[in-house]
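Just so you know, ligand 1 is whichever comes first in the structure, and atom 1 is the first atom listed for that ligand. Just so we're clear, the structure is a prediction, and the values are computed from it rather than from any experiment.
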Amino acid sequence: MQPENRPIAFLDLAAQQKRLGSALRQRIDTVLEHCRFVMGPEVQELEERLAAYAGVEHCVGVSSGTDALQIVMMAEGIGRGDAVFLPAFTYTATAEVPLVLGATPVFVDVDPLTFQIDPVSLKQRIADVRQAGKLTPRAIVGVDLFGQPAPWAELRAIAEAEGLFLLDDCAQSFGGSYDGRKLGGEAVATTLSFFPSKPLGGYGDGGAILTNDAERAELYRSLRTHGEGKTRYQVLRTGMNGRLDTLQAAVLLAKLDYFEDELARRDAIACMYDAGLSGHVVTPARVPVSSSAWAVYAILLKDSEERQAVQERLKAAGVPSAIYYPLPLHWQPAYRDHHDGKALPVSEDLSTRILALPIHPELLDTEVQRVIAALRG
Ligand SMILES: *Cc1c(COP(=O)(O)O)cnc(C)c1O
């Protein structure tokens, strides 16, 4: 096949592995030698590295981004009768966890330009819940969507005024920054995911919780290991098996050395897309005084027909694309019965015409230009 038609990868983990080379193998070999597969020394080493990177006091490595959310909500005692406010335009895990704990997710609309949770809609939704009088408002989950930060200053002000716990679901955006600071310390607790397609991805499931609160950090450590106390067979509370594997920590330690370079490469690709596509499609709005980890580069088309036509044109040119998210969460079968029926027009509209283009550190300049050319048609 001619190189100009060779299919472009949406995510190229094999090429990434080649680039990481012996550093990665060495890290894995060390674990194979010491055989401490559960809570081995790499877990603590990674926790220290991640806390330092994000500029926070504590990091607790856990089994996934979903379990990170669950541990944080368990620590707050969130459960039956509680309302947890979260964006309707996000990955399912954000909404699933409150339901698993018996609480109710209350869906909030997002901003049409940045796609992040909309503070005006958030205030309205909190008022809706207070007025209905059935649920107790307990927590706000700000999601840093697609690599960019949520509007943290506004979210903190609302959380404080309303007396609500504030959590940052940063699964997609570790490495991004807000107001000049790396994400990780904007809320009381921040949760990360190391699913392979996230900006800092492992080779399996993994996650972490960041916080500046020593008491909460200790609680998270206890909850991740069956609610244990100072000794293994002292059970203080109902917990879970939520530990991060040593092998995943080893992989992540090897990858962390290349993380800043990867973020810079993602940003360079985003800038090439911006330059080549603005004026043709709606390119992603930047959140002021922030940087994106560019988990997703999403454009907006006019409507679903145009999106379908563009997707087909890209496909014919060997360019993959993806739809995040084809349905707002309040319309998903699993969640719609928990929704109060309020319209969330921006989330509903975005899901009909948003489209994600390939963006990963292995993407070549020539491939980026091919994507641009195929899109411009
Ligand atoms: C990926 C993701 C999660 C869940 O992370 P896992 O590690 O896959 O459990 C949670 N929230 C958001 C916004 C995500 O994108």
Can you give each donor-acceptor pair under 3.5 Å made by side-chain atoms of residues 83-92, sequence neighbours left out, with the distance rounded to 0.1 Å?
| from | atom 1 | to | atom 2 | distance (Å) |
| --- | --- | --- | --- | --- |
| Thr90 | OG1 | Thr94 | OG1 | 3.2 |
| Thr92 | OG1 | Tyr335 | OH | 2.5 |

Task: Members sharing Leu13's hydrophobic cluster (side chains within less than 4.5 Å) - done: Leu11
Open item on the list: My understanding is that only one of Asp340, Asp118, Asp109 makes a salt bridge (charged side-chain N to carboxylate O under 4.0 Å, His left out) with Arg125; could you say which?
Closed with: Asp340
Check ligand 1 against the protein and report each N/O to N/O distance under 3.5 Å, formatted as atom name, atom name, distance.
| from | atom 1 | to | atom 2 | distance (Å) |
| --- | --- | --- | --- | --- |
| ligand 1 | 5 (O) | Ser193 | OG | 3.3 |
| ligand 1 | 7 (O) | Gly65 | N | 2.7 |
| ligand 1 | 7 (O) | Ser193 | OG | 2.6 |
| ligand 1 | 9 (O) | Gly65 | N | 3.3 |
| ligand 1 | 9 (O) | Thr66 | N | 2.9 |
| ligand 1 | 9 (O) | Thr66 | OG1 | 2.5 |
| ligand 1 | 11 (N) | Asp169 | OD1 | 3.3 |
| ligand 1 | 11 (N) | Asp169 | OD2 | 2.7 |
| ligand 1 | 15 (O) | Gln172 | NE2 | 2.8 |
| ligand 1 | 15 (O) | Lys198 | NZ | 2.7 |

Task: side-chain hydrogen bond (donor to acceptor under 3.5 Å, both in side chains) partners of Gln44, counting only residues at least two apart - done: Glu48
- [ ] Give a yes or no on whether a salt bridge exists between Asp128 and Lys123, defined as a side-chain N under 4.0 angstrom from a carboxylate O.
- [x] no
Open item on the list: What I want to find out is whether Glu162 reaches Arg130 closely enough, with some N-O distance under 4.0 Å, to be called a salt bridge.
Closed with: yes
